[in-house]
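Only one structure is covered here, and it is reproduced in the block below.
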Amino acid sequence: MSETAPYNPFADLGIEVEPLIREALGGPPMFHDLSTDYTSLTRLLEFLGQRYFSGVVSIRFFDFDAHVLLYRGRPYHASSFHGARALAQEEALRKILDDARTAEGWIAVHALPDEMFPEEWELLDPLASPALPTRDASPTPWRVETPESPAPSGEGRPPVAASAPPIAMPTAETQTVAEVPTISSDGIDAVAAAVEITQANASGVVPSVADAEVLSREAGVEAAEAAGESASASTLAEVTAEAGGEAESTVEREDDAGAVPSGTAPIGSPEAWARLIEHMHARFRKIKGRALAGRLERELNDKLLPGGLRLYGGRVRGDLTQPVPALVIAARHCFAVLQHLGGTGFAEKALESGLHEIGVIDAALYRETVGAPTAS
Amino acid sequence: MPRFTAALLAIGVLLAGTLVLLIRRPVGVAEQGEWFALGSAALVVFPTVAAVASFAAASAFPAEEAGRSVWRSIGLAAGMWALGRAIFWYYQMAHHQRLPFPSPADAFTLGCFLLLVVALAREIRVAWGVLTRAQAVALGALGVVGLIAGYIVFLEPVAAEGLSSFGGWLSLTYGVVGIALLPLCLVPAVAYIGGLEGYVWSIVSAAMLCIVAAILWFANAIFLETWSVAHPSTLLQTIGFSLLAAGALWQRQVQASL
């Protein structure tokens, strides 16, 4: 039983927070079991803020649990239970950030779609914390507008502006919160940036985050596999081109996409394209199996590597803060392969569900870009 | 309960009940008559169920896609099989003797095989291209081994009787086409291994194995005049078409989940 009832601003608006937290914790986490020994909660919240993340950051300490509920990158609710004393809001957030620096705990991040938050959330003020940098009231843009037409505005996304500040990659030196302007959108790099990398770890090997080593190891294995692969195993696109005449025109169109017209930027944000590729690839893997999905992954990486990106573990890794034409090329290739190995219906459903998942309103532009037939 | 699960359960219960009734060996003329009636009914009902399920799977695909024609052909094949078996059953009941071999019923059986070949050819048209060399070689070797084994077990006695009659050639055709169906069924199962469609085609391959083994056994027995009312090939056919129905329903479920 709490000694003092913490102030609950949500009660005035009739908003229930606990169901949202339960819903988030019930789903699979984006990140999990990040130890506070090597993870800066402050930096992690900052990273999530940059990504307009909505969801719950839960921290499991030895003797208590804590939750921070974020909506579009800002913390709106924090709660922790210290024995008989329950803390909430700013007081809880302060305590959580302090304890994360000193006590051993385990952090998990669970996402929630923006649609789950009622409209009344717009009326709330985010929690103020001196430890967290404030964000502009008008969020900076992330997509790039083409000269000919404005970029589509995704559902639930902040408005797009014409320019974005250049993104600096974090160095291996110890960095403070104030020094780091922004963080790469790659999940692993972001977690690594949240980790306090000291001079002793200047080699870039992040303790307990084995992904970087796995990535380099996998790259070596895949290179060996590609070299030893049978000559008869041509690309999935070539195979499907041989299978039917109509495939050839799509493959040619897909190959033509390799030359993005100069002076224009791809429609849509790089992150949206990356999520779309991930979604279509995941659907393909589910229906057609690991072997074919692995081949598709290698072919997509051939398209993505020139743009400094890579599909690994079902996620597109790399810097997604700048427009990358390779993403559009890869998306077109992915759609073409889905279309010819699974049928047009399968490919279109995968595309539609992917666009729905990333919250795209104007799907027609994406459909046209990947070469999907015009919806009737 | 979801409709897919309910349908699978119904097929399972029907199969279990049928096997329980047919597994016993009939003693006496009366029991033989009952067994034959039940067995013949099963050989019409289960292919019909498989045909309905296959058409349901076909309807889950968009009109212009290959999957629709593949499963429609499989449905037609199962339907033709059921029709052939119905003719066989009617003749037996009406004339109290088995249908001579070959007969009009064999036209439907042959039609069934040809439709299955057409269906598989359409399905593997794309799947074959994504097989690795090792997989293609393995499937080819399996086909050769199956042909040799099938010939030794089922076809050599037929060939030994001399292939002077049309019945002999028909038996041989059943055998060769049936055995060839097995590696063809495995092509999509291997190509899409690990995926939902891989599982569907694995079940279809198992169904084909049962059906082909049953027909080889049946044709062999008919040709050599060793067939009896309670021939075990009936059970194998029943199991085979149950698996085909299950595979078709799962394909429909996969399409619905896209």
Side-chain angles (χ1 to χ4, degrees), chain A residues 225-226 228-248 250-251 279-299 336-354 356 372-373 375-376, chain B residues 57-73 119-140 185-205 247 250-258:
Chain A
E225 281 179 358
E229 204 164 42
S230 159
S232 68
S234 47
T235 66
L236 293 171
E238 290 169 9
V239 164
T240 56
E242 290 165 7
E246 72 276 10
E248 292 178 1
T250 305
V251 170
H279 183 88
M280 288 195 289
H281 180 263
R283 279 296 180 102
F284 185 76
R285 179 190 166 99
K286 180 183 174 186
I287 301 300
K288 296 297 182 184
R290 293 183 305 272
L292 282 182
R295 287 179 63 180
L296 177 59
E297 182 176 305
R298 284 194 285 275
E299 290 177 16
V337 171
L338 262 65
Q339 188 174 26
H340 299 295
L341 285 185
T344 304
F346 168 59
E348 287 202 354
K349 284 180 185 176
L351 176 66
E352 277 174 29
S353 61
H356 177 76
S376 56
Chain B
S59 67
F61 287 87
E64 68 281 356
E65 284 198 14
R68 176 169 267 208
S69 66
V70 167
W71 283 99
R72 196 176 275 171
S73 298
L120 288 173
R122 189 79 204 268
E123 177 65 28
I124 69 175
R125 191 165 159 247
V126 173
W128 180 262
V130 298
L131 290 177
T132 62
R133 182 174 288 174
Q135 289 170 334
V137 167
L139 285 172
C185 277
L186 283 173
V187 168
V190 170
Y192 307 138
I193 191 167
L196 291 177
E197 284 199 1
Y199 294 130
V200 167
W201 282 99
S202 297
I203 291 181
V204 173
S205 300
W250 198 355
Q251 177 70 72
R252 179 180 168 83
Q253 180 69 8
V254 168
Q255 285 300 117
S257 69
L258 289 181

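Residue contact with chain B, scored on non-hydrogen atoms closer than 4.5 Å, involves the side chain of A:Arg283 exclusively. Heavy atoms of B:Ala136 lying under 4.5 Å from chain A are absent altogether. With a 4.5 angstrom heavy-atom cutoff, B:Glu65 touches chain A only via side-chain atoms.
Taking both residues in full, the closest heavy atoms of A:Gly345 and B:Pro62 are given as CA-CG, 3.9 Å, listed atom of the first, atom of the second, then distance. Shortest non-hydrogen contact noted between A:Leu341 and B:Tyr192 is O-OH, 4.0 Å. Between B:Gln255 and A:Lys349 the shortest heavy-atom distance is O-NZ, 3.7 Å.
The side-chain heavy atoms of B:Val130 and A:Arg295, taken from C-beta on, include a pair separated by under 4.5 Å.
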